[in-house]
Amino acid sequence: MTHAGRIRFTFSKNEILRKKKDIKELFENGSSFFIHPFKVLYLPYPAEKHHKVIFTVSRRTFKRAVDRNLVKRRIRECYRLNKYILQDNRQAKLSFSIAIIYIGKNVPDFAYINGKIIVILKKLSEISQKIS
RNA sequence: GAUGCAGGCCGUCUUAUCGCGUUUCGAUUAUUCGAAAUGAGGAAAGUCCGGACAACGCAGAGCACCGUACUUCCUAACGGGAAGGUCCUGGUAAAUUAUCGGGAACAGCCAGUGCCACAGAAAAUAUACCGCCUGCUGUUUCUUUAUGAACGGGAGGUAAGGGUGAAAUGGUGGGGUAAGAGCCCACCGGUCGGGGAGUGAUUUCCGGCGCAUGGUAAACCUUACGGGUUGAAAGACCAAAUAGGUUCUGCUUUUUUGCUCAGGCAAAAAAAGGGCUGCUCGUCCAAUUUCCACUUGUGGAAGAGUAGAAUGGGUAGGUCGAUGGAUCCGAGUGGCGACACUCGGACAAGAUAAAUGAUAAGAAUCUCACUUCUGGUGGGAUACAGAAUCCGGCUUACAGGUCUGCAUCUUUU
C-alpha cells in the first residue's frame with residue numbers, strides 16, 4: 001500500500017460515543033442485530049469524520065472489574081484493527097452510532113473476538129450501502 | 001537440612017509490531033500531525049471505623065437517641081496501635097512456681113426491675129423428697145415385765161450424705177453435737193480498714209469480720225466519656241441554541257359612514273409586523289386603548305403590538321474542586337515501644353460510558369510425565385485483583401518466592 005493510502009490503526013477519544021444524550025438516543029431509536037456472542041445497536045446520522053462506537057460488557061455477567069476491562073479492551077482492539085472495513089464506505093455520506101454489547105458468559109480469547117468483529121463490520125458495511 | 005507456627009518484604013521479566021490517557025515542546029491551524037517524558041495496588045477490594053475538605057445549621061444547659069467501656073500512653077482522629085495489669089488457657093522445665101505463647105463484650109447485678117427451659121423437694125423474702133436424730137404413740141415379738149428390738153403413724157430438729165441440674169447458699173481437714181450446722185478452730189477463699197510500691201489498672205504486707213443474700217447487663221438499666229446533619233452526584237465558576245424576564249432605540253396605534261343631546265354604540269375599510277414554502281402572488285393572524293393641553297384636529301404622555309440592540313437568571317455542555325500531601329526516601333536524636341523532632345533529598349497516575357492495552361517470540365519460577373539422570377525432552381500453570389476527592393486504620397482475598405524468630409526431627413563436628 002502507498003504511503004498516502006496507508007491504513008492507520010488508530011483509535012482516539014473522538015471515536016468513542018460518550019455523550020449521554022447520544023447514547024440515550026441510540027438505545028431508544030437504534031436498530032439492532034445479533035451475532036453471537038454480540039448484540040449490535042446502530043443508528044445512522046449525516047456524515048461526520050468518524051463513526052462513534054461504544055463497547056458494553058454487563059456487570060451482571062462479569063462481577064469483577066478486571067474481567068470487564070479485559071473483555072472491553074480486547075473488543076476495542078479488534079475494532080481498531082478492523083474498522084477499515086467500515087470506513088471504506090464513507091463516501092456514502094453516512095456515519096453510524098454503534099453499540100457493541102457482549103452477552104457471552106466467559107472471557108473470550110482474542111482470535112475468537114476478532115473473527116466475530118469482522119463479521120459484524122461487514123454486515124454494517126452492507127447496511128450502509130443499502131441505506132445510501 | 002526438613003517440617004510446622006508467627007511476623008516482615010517481594011509478588012514475573014525482555015524484545016518487536018500496532019495502539020491509548022496526561023504533560024511539555026515543535027508544526028499545522030481551529031483539529032489534527034510529529035517528538036520526548038510519564039502512566040495501578042498490597043490489598044487500588046469490602047465500604048466497617050476515624051479524619052481532612054465542602055454546603056447547610058448553630059445563644060447556653062438538660063432530656064431523648066446512637067456509639068465506646070481494665071490502665072497508661074501514641075495520634076489530626078479512631079471502634080486503630082504500643083506498653084502494662086487481671087482472669088482463663090496450651091507447650092516446656094518443673095511442681096503450683098518460672099518461662100514461651102494463645103484468648104477475653106475485662107465498668108457496674110448488696111440502685112432498681114425483669115428472666116433462669118428441662119430435671120429437681122426446692123431456682124431465690126430459701127427449701128425437708130429420700131436420709132440422719134430426738135420425744136410421743138400403735139402393733140408384733142422376745143424378755144430379767146423396768147425396758148430394749150422390729151415394723152408403722154404423727155410432731156419437732158437437722159443442709160453432714162443421696163439424687164437433679166449449666167448453676168444448690170464458701171472449700172478441705174479437725175473439734176463439737178441427739179444428729180447436724182462457721183457452732184468453734186487451722187489453712188485456703190471472701191470482704192472491710194490501714195501502711196508500702198506504682199502516673200494508673202493493680203500488687204504486697206498487717207489487722208478486723210465467721211463471712212446467709214446464686215447467675216444473667218451481645219436483658220432493661222446505672223455510671224463515665226464521645227457524637228450537629230448531609231456527602232465530590234459535596235460545592236464554585238464559564239456558558240451555545242431555543243423560549244421567557246428587564247432596559248434602551250425605531251416604527252405602528254388609522255380612516256370613513258350611520259345612530260345618539262351627550263357619554264357612547266354599530267358597520268365597513270385600512271393597518272406596523274408575522275405565519276403558510278427560499279422568492280412572487282394569494283391567503284390567514286394581528287395591538288388598534290386611556291389620559292392631558294389647547295389654536296378642535298393637531299400635539300404630548302402612559303399603555304399595547306412589533307423590530308433591533310444590550311443585559312440578568314438559567315439548560316445542554318465545559319472548567320475548577322482534583323492530586324505538593326497528617327506525602328515519600330535516607331540519616332541522626334529522644335523514647336522499652338507505638339511514635340515524635342531535626343537535617344538532607346525527591347515530585348511519583350489523574351481518567352470521567354472512565355487511559356494504563358493487544359498480538360507474537362523468548363526468558364524466569366513452580367509443577368506433571370517420560371528419560372540414556374551434574375542433566376535433557378514435552379505438556380501445564382504464573383495468584384488475588386483495576387485508581388475514581390484525598391489521607392490514617394481495620395477486615396477479607398492471594399500462585400509462588402524470600403528474610404527473621406521460635407519449636408520439633410535428622411545429619412556432621
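Note that the coordinates shown come from a computational prediction; the quantities given were computed from them, not determined experimentally. Labels below follow one simple rule: chain letters A, B, ... track the order of the sequence lines, proteins then strands, and each chain is numbered from 1.
Put simply, CZ on A/Arg68 is 13 Å from P on B/A388, counting in whole angstrom units. What separates CD1 of A/Ile54 from P of B/A354 is a distance of 6 Å, to the nearest Å. If you measure from atom CD1 of A/Ile98 to atom C1' of B/A353, you get 16 Å, rounded to the nearest angstrom. Whole-Å rounding puts the A/Tyr112 OH to B/A358 P distance at 19 Å. One atom, CD1 of A/Ile75, and another, P of B/G357, lie 17 Å apart when rounded to the nearest Å. Distance, A/Asn114 CG to B/A360 P: 11 Å, rounded to whole Å. When the C1' atom of B/A353 is taken as reference, atom CG of A/Asn69 falls 12 Å away, rounded to whole Å. Atom-to-atom, CG of A/Leu81 to C1' of B/U17 comes out at 11 Å; the value is rounded to the nearest Å.
Under the Watson-Crick or G-U wobble criterion, with both distances below 3.5 Å, B/A326 is left unpaired in every strand shown. With both pairing distances under 3.5 Å, B/G108 is matched to B/C221 as a Watson-Crick or G-U wobble pair. Remark: B/C183 base-pairs with B/G175; criterion is Watson-Crick or G-U wobble with both hydrogen-bond distances under 3.5 Å. As the counterpart of B/A212, no nucleotide is assigned, since no Watson-Crick or G-U wobble pattern has both distances under 3.5 Å. Taking a pair to require two hydrogen-bonding distances under 3.5 Å in either a Watson-Crick or a G-U wobble arrangement, B/U143 remains unpaired. If you check B/G380 for Watson-Crick or wobble pairing at under 3.5 angstrom, you find it paired to B/C366. Pair check for B/U252 finds B/A304; Watson-Crick or G-U wobble, both atom distances under 3.5 Å. Pairing for B/U92 goes to B/A98, judged as Watson-Crick or G-U wobble with the two contacts each under 3.5 Å.
Shown here, B/G42 is classed syn by the O4'-C1'-N9-C4 or O4'-C1'-N1-C2 angle, which is within 90° of 0. Glycosidic torsion of B/G244 falls within 90° of 0, placing the base in syn. Glycosidic conformation of B/G264 is anti; the angle lies outside 90° of 0. By the rule that a glycosidic angle within 90° of 0 means syn, B/A267 does not qualify and counts as anti. Glycosidic conformation at B/A146 (O4'-C1'-N9-C4 for purines, O4'-C1'-N1-C2 for pyrimidines): syn, within 90° of 0.
Of the P atoms belonging to B/G264 and B/U290, the separation is 8 Å, rounded to the nearest Å. The same atom, P, is picked in B/G170 and in B/A212; the two are 8 Å apart, to the nearest Å. With both ends at atom P, the span from B/G245 to B/G317 equals 26 Å, rounded to whole Å. As rounded to the nearest Å, B/U68 and B/A107 have P atoms that lie 13 Å from one another. The separation of B/U199 from B/G215, taken at their P atoms, amounts to 35 Å, rounded to a whole angstrom. Annotation: B/G114 and B/G81 have their C1' atoms spaced 40 Å apart (nearest Å). Taking the P atoms as reference points, B/G46 lies 9 Å from B/A388, given to the whole Å. Distance noted for atom C1' between B/U86 and B/A178: 49 Å (whole Å).
With contacts defined as side-chain heavy-atom distances shorter than 4.5 Å, the pair A/Tyr102/A/Ser58 does not qualify.
Both A/Leu70 and A/Thr56 lie near RNA chain B, and the one whose nearest nucleotide falls closer to the 5' end is A/Thr56. Between A/Phe55 and A/Arg59, the residue whose closest nucleotide on RNA chain B is further toward the 5' end is A/Arg59.
When distances run from any side-chain atom of A/Arg76 to the nucleotides B/C18, B/U356, B/A354, the shortest one goes to B/U356.
The side chain of A/Arg73 places an N or O atom within less than 4.0 Å of a non-bridging phosphate oxygen (OP1 or OP2) of B/U356. An OP1 or OP2 oxygen of B/A353 is reached within less than 4.0 angstrom by no side-chain nitrogen or oxygen of A/Lys72. Between B/U359 and A/Arg74, a contact under 4.0 Å exists linking OP1 or OP2 to a side-chain N or O.
With rounding to the nearest 0.5 angstrom, the CD1 atom of A/Ile100 is 10.5 Å from the CD1 atom of A/Ile54. From A/Lys83, atom NZ reaches atom CG of A/Leu121 across 11.0 Å, with rounding to the nearest 0.5 Å.
No hydrogens or angles were tested; on distance alone, a donor-acceptor pair under 3.5 Å links the side chain of A/Arg80 to the base of B/C18.
Checked by atom type and distance alone, the side chain of A/Arg68 never pairs as donor or acceptor with a backbone atom of A/Val57 at under 3.5 Å. No side-chain donor-acceptor contact under 3.5 Å links A/Asn114 to the backbone of A/Phe110.
Between A/Tyr84 and A/Leu81, the shortest heavy-atom contact is CE2-O, 3.4 Å.
Backbone-only contact: A/Arg64 has heavy atoms under 4.0 Å from sugar-phosphate atoms and none from a base.
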Next on the checklist: Test salt bridge (Lys or Arg N to Asp or Glu O under 4.0 Å) on A/Arg74 and A/Glu77; report intermediate values, then the result.
Outcome noted: CA-CA 5 Å; A/Arg74 279 188 176 152; A/Glu77 203 65 11; over 6 Å; no

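Seen from the ring of A/Phe38, A/Lys116 does not count as a face-on cation partner, given the 6.0 Å and 45° thresholds.
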